Each structure stands twice: as C-alpha cells, then as structure tokens.
Amino acid sequence: MIVIKFGGTSVGDAERVANAIDIVAERRHLHPIIVVSALSGVTNDLVAAADAACAGDGQRVNDIVDRVRQRHEDVAMHLVQQKFDFFDAFVKRLSKQIEEIHTILQGVTLLREVTKRGHDKIVSIGEKLSSVLFAYSMMMRELPSEHVESEDVIWTNDHFGGATPRMDLTTEAARKTLLPIVERNHIPVMGGFIGRTAGGATTTLGRNGSDYSAAIVAAAVGADEVQIWTDVDGLLTCDPRFVPSARVIDHLSHEEAAELASFGAKLHPRTLEPAIEAGIPVRILNTQNPASPGTLITREGTARATGPRSVARKRNVTVVHMTSNKMLGAHGFLARLFHEFEELKISVDLIATSEVSVSVTVDERHDMEQLQERLRGVADVEIIDGQCIIAIVGRNLLADALVGARVFEALRGVPMQMLSLGRSGLNLSIVVNDADSDNAIQRIHHALFEQAVAV
Ligand code: ASP
Ligand code: MG
C-alpha cells in the first residue's frame, strides 16, 4: 500500500489532472491512497476572499468564488468522456459546496471579521473541491475511486491555522475509513491540509500542509511508501537555474533533506516526519517527468557514509560581528549577547567565535539600529549587509579533508566573511558577498560534483 500525494501544480488544470490519473492507474497494483492539494493558486484565492469579506467587499468575494467554481468545472468538463452521469453528479456536488462557502463568506462580509476557526473553514474548501474533483475525474476515466472527507481521517488539536495531529485518534480513524476502501480494491481520495478537532471543527495543518497530511496518513495506515508528486525532478545538487549541470540526488537522509529545506528547497521535511519516523520511505517525483526516478528520503539515507550531496545558498543575509575584550575568559558573555537577540526576536542562523569576537548571520529585514543600540556597552558591533550564505550539505563532511580542500581551492580569490561547520559535519557554510555568490556557487558545484574524481 502506498500514499500518493499530488501538489497544486500537479492538479492545476485538466491536462495535469489527466496526467496525474495516468500515474495513479499505473500504480493501481500498489493499492494507492490519494492525497491532493488544492488546485494551484486556489488557497491563495480563498485567503484573498476572506480578506475581501473582512473589508466588506462583497463584489470581490463573488468574483473570487465564481472564478474558483469555474476552474473546477472547466477541469471536469475537459475530462468528461462517456461518463456524463459522473460529470453531472460532480457539478451538483460542486454547486452545493460552492453555495456553502459563499454563504460563509457572505456572513463574514456582514460581520467584517473572521475568527481563526472560520478562516480554516474557508481556506479548507480548496482541498475539499480538488479532492472531490479528483475522485470524480477518476470515475469518469473508469478507475474505481471513493472520496473520503479529510475530517474523517485526520484528528488534530485546536490550533487553527497550524494544527498538530493527534496520532492515536488519527490512526484509528484512518484505518477505519481508508482500509475497507483499499480492501474493496477501490482507490480512496482525500484532500490534504485539512483535519478536525475532537469537537468536530475543521482545522488546517498550516500552509503547504498537504505533504504533512500524506505523511500522517501513511504513518496511520502503515503504508510502504509515500510518493510526493510535484513539479521538479526531486532534490538537486544545486539550483538548476544558475547551475545547469545540477543533477538529481538519488537518496538523502532525513537530516540532510531538512538541512537543504532551510535553504529554500521547496520541500519541508519537518512535514515528512510522521512517515520517516515510522520508517516509511518518502519519494519526491515529477508529474511532468514520471520516468525520472526522483529523490528518495529515508531516516538513515544512503549507505554511503560521507560526502557532499548538494550546495545551496541563502541570499539577503546580514553579518553581525561583535567584538569585546570583556569576552576573554568571561562566562555568561554569550548569554548576554544572545539575550538581546532574543528580546528583539531576531533569529540567528550561523555562529562563529574567537576568543574576543562573535560573528552571526541574521535575515536582512531586521532592525539593526535597535540591536546596535542595545549592544552598546557590551561589544563593538559591525554590521555588513548584502551577504549570502553558501551551504555545502552532506554527511560527515569533516571525515575527508579533500572536501574542504576542494571548496577552498574553488573559492580562491573570493573574499569570505564567515565560516561554520558543526560537529555532525552536515553543513559547511561559507558567507560571501552576495555579488560574488553566483560565481562562488558555480565553482563549488563544479569542484564537488562535476570533476572526474567523485568525492
Ligand atoms: N493548499 C494548501 C496551501 O496552498 C496546502 C498545500 O498545497 O499543501 O497552502
Ligand atoms: Mg501547495
């Protein structure tokens, strides 16, 4: 049994839905359970509709609801072949759902406010519509499928807008609702992103939460694999937009994937945790290129113990150098410095220290003047904007000095601001001027992944 999750772009229009259905049909023997995101852009539209309603803009609400309705109907219209009865049933159901959302939004328009709970009810409609659409589309193509309400499967706490699953209740509910359908040799289809509280209120798992849903469901039913179908070939050795020779990484550990995610990989491995923790492998695959093997993510990763896997960057970074003689031999000094960061709610990424100085990186958007003010008297502060972190992610990067040697050789002539590598050797981070970063990352990628001798 496998869980197949389709992201919003993979069900964005009729052609893509048809494509996704082909993918399911080819995997029917694996007893798939399908989890779908909202059609691309629909969740954003619903957020905009809720905002418009709060602003009392009924006309805009109507426009958005009409557009959402039309998109779903168009997809079904394009897919319908002989099975018009399923098409008619779908349009009926769509009308009912749209009517409900419209009524809720009209209420909000009158009140000009929405609770977090109400907001979840509104934005969850995207997955409700897409999952019903997908289930009916499969039936129109003669694949026996059954729609399942996500609220009957995933039970959560009541943190609306970012709920956490209650795995004990979810396990029981998921087995009860999904397994009989699988046993009938039918294909269950449910929306991602949505759950329910014990009291029956609709919750959402946070933006991009459909991956999370897939992982939760897989853990609950004890699936053999989770397949995340998206619009890229998997996780890559570098961003192909500026390193065309970037290639797909075949196998990564959960830790490595998590490290990459913090550098802007589209995937958020935190959301894969329920599956990974349960020992269920996760595969990232491309709907537009189904033949490509994708990237496999498992708890332990590949048997190969060491070496770089990918090089990524994070732009718009500010370096804060703090220097003070008071630091020499003192205790509690770092705590004092970081207390100020905490007070200002500034999150620190990298840290490097010497006897009398501490350097950190922070996101550029923070108010640095305030920080400087607060640190006056504690340390001399130098702030350098326009920096970029380049991260070489892999395993045990310290085990072989060759990795470092290649990286530094590649960076010959490029000034560096900071350097950091933790004990786990998961992430060798180098801070360079943003203006140098294209060049730097291309050279590092070349040195680590393109040279004849593999590291
Ligand atoms: N539709 C939701 C969102 O856009 C969840 C998802 O796509 O995973 O955030
Ligand atoms: Mg999405």
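All ligand and atom numbering here is 1-based and tracks the order in the structure. Computed from a predicted model, the values in this text were never measured in an experiment.
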**Message:** Is it the case that the side chain of T306 and the backbone of N396 share a donor-acceptor pair, with hydrogens and angles ignored and the cut-off at 3.5 Å?
**Reply:** no

**Item:** For T43, atoms of ligand 1 separated by under 4.0 Å from a heavy atom
**Value:** 1 (N), 2 (C), 3 (C), 4 (O)

**Request:** Say whether S210, considering both its backbone and side-chain N or O atoms, lies within less than 3.5 Å of an N or O atom on ligand 1.
**Result:** yes

**Asked** Does an N or O from D211, backbone or side chain, lie closer than 3.5 Å to an N or O of ligand 1?
**Response** no

**Trace of the ring-ring contact (aromatic ring centres under 6.0 Å, His included) decision for F338 with F341** = CA-CA 5 Å; F338 285 118; F341 285 84; 5.7 Å; yes

**Request:** Identify, by atom number and element, the atoms of ligand 1 in contact range of S37, meaning under 4.0 Å from any of its heavy atoms.
**Result:** 6 (C), 7 (O), 8 (O)

**Item:** R207: numbered ligand 1 atoms lying under 4.0 Å from its heavy atoms
**Value:** 3 (C), 4 (O), 9 (O)

**salt bridge (charged side-chain N to carboxylate O under 4.0 Å, His left out) contacts in which one or both residues fall within residues 166-182, not counting sequence neighbours** = none

**Prompt:** Is there a donor-acceptor contact under 3.5 Å from the side chain of N157 to the main chain of T164?
**Reply:** yes

**Request:** For the pair T295 (side chain) and I249 (backbone), establish whether a donor and an acceptor sit closer than 3.5 Å, ignoring hydrogens and angles.
**Result:** yes

**Asked** Is there a heavy atom in G209 that sits closer than 4.0 Å to ligand 1?
**Response** yes

